[in-house]
There are 2 protein chains.
Amino acid sequence: MEGNGSDKLLVARERVVESMAKNMHLYGVTSSIARLYGLMFFEDHPMTLDEMKEQLGMSKTSMSTSVRTLMDLKMIDKKWMKGTRKDHYAVQEDWYQSFIDFFSIKWKSAVTMNIQSIKKSLHDLEVLITQPDIDEEVKHTAENDISKLHEALKYYDWLLQVIQQFESHHIFDLVPRPDEKL
Amino acid sequence: MEGNGSDKLLVARERVVESMAKNMHLYGVTSSIARLYGLMFFEDHPMTLDEMKEQLGMSKTSMSTSVRTLMDLKMIDKKWMKGTRKDHYAVQEDWYQSFIDFFSIKWKSAVTMNIQSIKKSLHDLEVLITQPDIDEEVKHTAENDISKLHEALKYYDWLLQVIQQFESHHIFDLVPRPDEKL
DNA sequence: CAGTTTGTACAGTTTAAACTGTACAAAATG
DNA sequence: CATTTTGTACAGTTTAAACTGTACAAACTG
């Protein structure tokens, strides 16, 4: 790609990619990974690790780990191409689904972990306050903690339900997709 | 706080705090900041920087910057206490609102930035393809990019609407709060 | 099955960010 | 207004994470 206009094209792309790189930390990825994602977004064909390495001037190892991260987030897919041994990757075109997957993968597991910890501590505290020789002030504090943790549990349950509304696509009842692919 | 049972109380708290510390990176905060948040969550009274520094064994400077971060996220509030010169801080008790604020603050600004970049690049590309001396292949690629960016814009607009549904509390129509504070 | 190719594990290096201590400005006190 | 207290700016240090190069295992090729 050369000749008049291609420089302006690249500047236009670069601006968008840099913006993504600045903001994709919300998905828990580094700006390097975000730039890789941006590159793949504009590239029309599925890319190999060597192409990525070439385009970004980074090591193949980095490309490998970055690709794995984006795969885990389901933001890119592995494409099987015939007649080649290299793996090829392309961005998940459905950004709505990527958003949903992010919550389904990262937030859900975080919430689940917190719920587990809270339930365990809740149990321990319930046992604690039944001890006959417990200090009165400790008991009072424990009861207070129990109350707080119950509230936290309610919140996490709510959050889990919100995520379920994403997963089931009921969120599109509240905010419809602009239009389906024609 | 000492005597029988207080050690078990602390273990129970510690478990929950550590779980939060592991997962609060989703809010873009470090585990240290998360632990501070956890400390304040269990503490019943608004805390001063010196109390935090004492409890966590960290520098006052760190406490200051951490508190600022949590304030920016609206996860804690500054409380005005009479009869003291120190600032006091307490966690925002309404976690539903904290969740909403996070999107309202961080995600909205990220989406807005991306939209700005895309619109600017979209404009540049529209100009580009009207150039009479443009390379045909470049023109074709530019048109393809324009199409992708329009789709992206639609997605970001959808996302902005989702955030608005959070802000307006219409999300509670889809997933009701378990029950209001009595 | 020998020869290639491809992706990744791992150790070492570089880079970024978290954290500290000092020093100071702003605000409160008497 | 002098004195004390409090929060934070800033430079320097420490710690964590991103990144690289080598080396190798697994998978493909002929």
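So you know, we letter chains A, B, ... as the sequences are listed, proteins then strands, and number each from 1.
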For A:Ser168 and A:Gln164, indicate whether the former's side chain and the latter's backbone hold a donor-acceptor pair under 3.5 Å.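 Present.
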Under 3.5 Å donor-acceptor, A:Ser121 side chain and A:Ile118 backbone: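 Side chain of A:Ser121 to backbone of A:Ile118, a donor-acceptor pair under 3.5 Å: no, none is there.
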Atom-to-atom span, [atom1] of [X] to [atom2] of [N] - whole angstrom:
| X | N | atom1 | atom2 | answer |
| --- | --- | --- | --- | --- |
| A:Lys82 | D:dC28 | NZ | P | 18 Å |
| B:Arg68 | D:dT6 | CZ | P | 19 Å |
| B:Trp80 | D:dT6 | CH2 | P | 13 Å |
| B:Asp87 | D:dG7 | CG | P | 5 Å |

Does any pair with a residue in residues 28-45 of chain B pass salt bridge (charged side-chain N to carboxylate O under 4.0 Å, His left out), and if so which ones, sequence neighbours excluded? A:Lys148-B:Asp44, B:Glu18-B:Arg35
Residue-level proximity of residues 17-26 of chain A to DNA chain C when a heavy atom falls under 4.0 Å: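 Contacts with DNA chain C under 4.0 Å: none.
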Give the residues of residues 40-66 of chain A touching DNA chain C, defined as any heavy atom closer than 4.0 Å, sorted by residue number. A:Leu49, A:Lys60, A:Thr61, A:Ser64
Please output the side-chain donor-acceptor pairs of residues 66-76 of chain B that fall under 3.5 Å, not counting sequence neighbours, one pair per line with the distance.
{"unit_1": "B:Ser66", "atom_1": "OG", "unit_2": "B:Ser62", "atom_2": "O", "d": "2.9"}
{"unit_1": "B:Thr69", "atom_1": "OG1", "unit_2": "B:Thr65", "atom_2": "O", "d": "3.1"}

Could you please spell out the steps behind the side chain to side chain donor-acceptor pair (under 3.5 Å) verdict for B:Arg15 and A:Ser117? CA-CA 6 Å; B:Arg15 183 188 295 116; A:Ser117 306; over 6 Å; no
Is there a side chain to side chain donor-acceptor pair (under 3.5 Å) between A:Ser98 and A:Gln92 once you walk through the steps? CA-CA 7 Å; A:Ser98 291; A:Gln92 156 71 343; 4.7 Å; no
same_hphob_cluster(A:Met113, B:Phe41) at 4.5 Å side-chain heavy-atom cutoff: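 Hydrophobic grouping puts A:Met113 apart from B:Phe41.
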Working note: B:Phe99 + B:Trp107, criterion ring-ring contact (aromatic ring centres under 6.0 Å, His included); need CA distance, chi angles, decisive distance, verdict. CA-CA 11 Å; B:Phe99 176 78; B:Trp107 280 74; 10.0 Å; no
With sugar-phosphate taken as primed atoms, P, OP1 and OP2 and all else as base, the protein-contact string of nucleotides 25-30 of chain C at under 4.0 Å (heavy atoms; B, S, -) is --BBS-
Generate the contact string for nucleotides 12-17 of chain C. Rules: B means base contact, S means sugar-phosphate contact only, - means no protein heavy atom under 4.0 Å. ------
Does atom NE2 of A:His169 have more than 12 heavy-atom neighbours from other groups under 6.0 Å away?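 Yes, because the 6.0 Å sphere around NE2 of A:His169 holds more than 12 heavy atoms from other groups.
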